[in-house]
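Structure, as structure tokens:
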Amino acid sequence: MYDEVPAVQDARRAEIVGSWVCTDRTEVTLLPDGKAVISLLDGQEFDFDDRWRLSGTGEWELTNERAGWNDGQHVRLTLTARTSSAARTPDPAERLDPSTGQEPAPETYTWTFELQRDDKKQLMLYFFFGDPDSRSTYVLEHLRPGAPTSWSESSRSKPKPCIGEARRHVFCRSAPSVSGRSP
């Protein structure tokens with residue numbers, strides 16, 4: 001049904017620690033002590049459609065337990081103290097149904113990030129947004145040492161959304177082909 005992706009089994013915490021960014025000023029900083037700082041991170045799967053974005057602090061863990069949609073390791077990120085929420089501006093191509101009210105932003109939330117290695121063996125963190133069967137992915141890019149620590153400091157332009165195979169926006173990178181299973 002879906003293309004196979006090798007499960008990541010060899011990720012180390014040291015590879016995951018640091019700042020991860022995405023479009024529209026999303027930034028997630030994963031600290032060595034398991035704490036996290038979250039800024040403007042969208043909801044995953046169907047929660048993405050409610051267009052809320054969360055900021056605050058929380059905790060993260062690298063887990064080998066069966067979670068998410070793919071086999072292998074995952075990063076579980078939990079927002080435990082929300083400091084603010086915002087609403088994502090709809091994409092011009094996005095059709096909004098006014099009859100379906102949007103859920104308010106939650107006070108706490110847990111994301112499960114899938115892991116994949118790119119062609120340079122660098123780790124990628126991503127989750128599915130919208131209908132998981134559409135395979136639309138929200139990919140976070142790891143800021144490397146010496147890189148700017150936030151979009152406001154960045155001299156490079158923000159990543160441009162691109163159209164994925166499912167004709168949904170994919171942030172930061174092209175959609176990885178992933179194998180699916182129900183969680």
Side-chain angles (χ1 to χ4, degrees), residues 2 4-86 88 103-118 121-144 149-150 170-173 175-183:
Y2 302 108
E4 290 293 323
V5 168
V8 174
Q9 303 287 354
D10 63 346
R12 299 177 330 276
R13 285 180 60 89
E15 288 180 281
I16 296 165
V17 167
S19 292
W20 297 79
V21 296
C22 200
T23 194
D24 293 333
R25 299 184 336 265
T26 294
E27 185 167 350
V28 175
T29 301
L30 304 175
L31 302 170
D33 64 358
K35 301 229 182 305
V37 179
I38 301 158
S39 180
L40 298 171
L41 185 57
D42 293 280
Q44 73 181 74
E45 298 180 4
F46 291 109
D47 291 335
F48 181 85
D49 297 334
D50 289 323
R51 296 195 345 260
W52 47 256
R53 309 181 81 209
L54 299 174
S55 297
T57 58
E59 303 170 342
W60 72 276
E61 68 176 332
L62 175 64
T63 180
N64 290 317
E65 71 183 52
R66 195 169 172 100
W69 290 90
N70 296 326
D71 294 328
Q73 294 172 298
H74 293 84
V75 170
R76 183 171 298 121
L77 173 64
T78 301
L79 175 81
T80 56
R82 186 181 89 180
T83 56
S84 66
S85 65
R88 185 179 68 257
E103 293 294 319
E107 292 295 320
T108 62
Y109 193 78
T110 299
W111 294 264
T112 300
F113 287 94
E114 310 291 337
L115 303 180
Q116 183 177 345
R117 294 206 181 269
D118 65 15
K121 305 294 182 208
Q122 298 297 311
L123 203 58
M124 297 180 350
L125 298 182
Y126 68 96
F127 60 78
F128 295 109
F129 69 91
D131 183 346
D133 287 332
S134 74
R135 314 315 277 171
S136 297
T137 54
Y138 190 102
V139 181
L140 296 177
E141 178 181 44
H142 199 188
L143 286 179
R144 300 292 168 216
T149 58
S150 71
V170 178
F171 301 103
C172 298
R173 298 182 188 248
S177 298
V178 293
S179 62
R181 67 169 176 78
S182 297

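- Contact record, L140 with W20: O-CE3, 3.4 Å, taken as the closest heavy-atom pair.
- Of all non-hydrogen atoms in Q73 and D10, the two that sit nearest each other are OE1-N, 3.3 Å.
- The existence of a salt bridge linking D24 and R88 is excluded, since no basic side-chain nitrogen approaches an acidic carboxylate oxygen closer than 4.0 Å.
- Ring orientation note: the planes of Y109 and W52 are nearly perpendicular, at an angle over 60° on the 30°/60° scale.
- When the options L77, V28, L115 are evaluated for a side-chain contact (heavy atoms from CB on, under 4.5 Å) with L125, the one that passes is L115.
- Of all the heavy atoms in A105 and S85, the pair that sits closest is CB-CB, 3.6 Å.
- For W60, the ring pair (Phe, Tyr, Trp, His ring centres under 6.0 Å) criterion is met by no residue, not counting sequence neighbours.
- Between the side chain of T63 and the backbone N or O of E65, at least one donor-acceptor pair lies under 3.5 Å.
- Annotation: side chain of R117 is not in contact with side chain of Q122 (no heavy-atom distance under 4.5 Å).
- Looking only at side-chain heavy atoms (C-beta outward), T78 and T110 come within less than 4.5 Å of each other.
- A 4.5 Å side-chain heavy-atom check between I38 and S55 finds every atom pair outside the cut-off.
- The two atoms that bring L40 and A86 nearest to each other are CD2-CB, 3.9 Å, heavy atoms only.
- Using cut-offs of 30° and 60° for the angle between ring planes, the Y138 and F48 rings count as perpendicular.
- E61 meets the salt bridge (Lys or Arg N to Asp or Glu O under 4.0 Å) test with R76; sequence neighbours excluded.
- W111 has its side chain out of reach of V75: every pair of non-hydrogen atoms, C-beta onward, lies at least 4.5 Å apart.
- Rounded to the nearest 0.5 Å, atoms CZ (F113) and CG (L30) are 7.5 Å apart.
- Interatomic distance, Q44 CD to E114 CD, rounded to the nearest 0.5 Å: 8.0 Å.
- By the 4.5 Å heavy-atom criterion applied to side chains, R25 and R53 are not counted as neighbours.
- Of all non-hydrogen atoms in V21 and E27, the two that sit nearest each other are CG1-CG, 3.9 Å.
- For the 3.5 Å distance criterion, the side chains of T80 and T108 fail to qualify, holding no donor opposite an acceptor.
- Rounding to the nearest 0.5 Å gives a distance of 10.5 Å between NE2 of H74 and CG of L62.
- Annotation: side chain of L123 is not in contact with side chain of H142 (no heavy-atom distance under 4.5 Å).
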Evaluate the criterion side chain to side chain contact (heavy atoms under 4.5 Å, CB included) for residue pair L41 and L54; output intermediate values, then yes/no.
CA-CA 5 Å; L41 185 57; L54 299 174; 5.5 Å; no
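- Residues D33 and K35 come closest through the heavy atom pair OD1-N, 3.0 Å.
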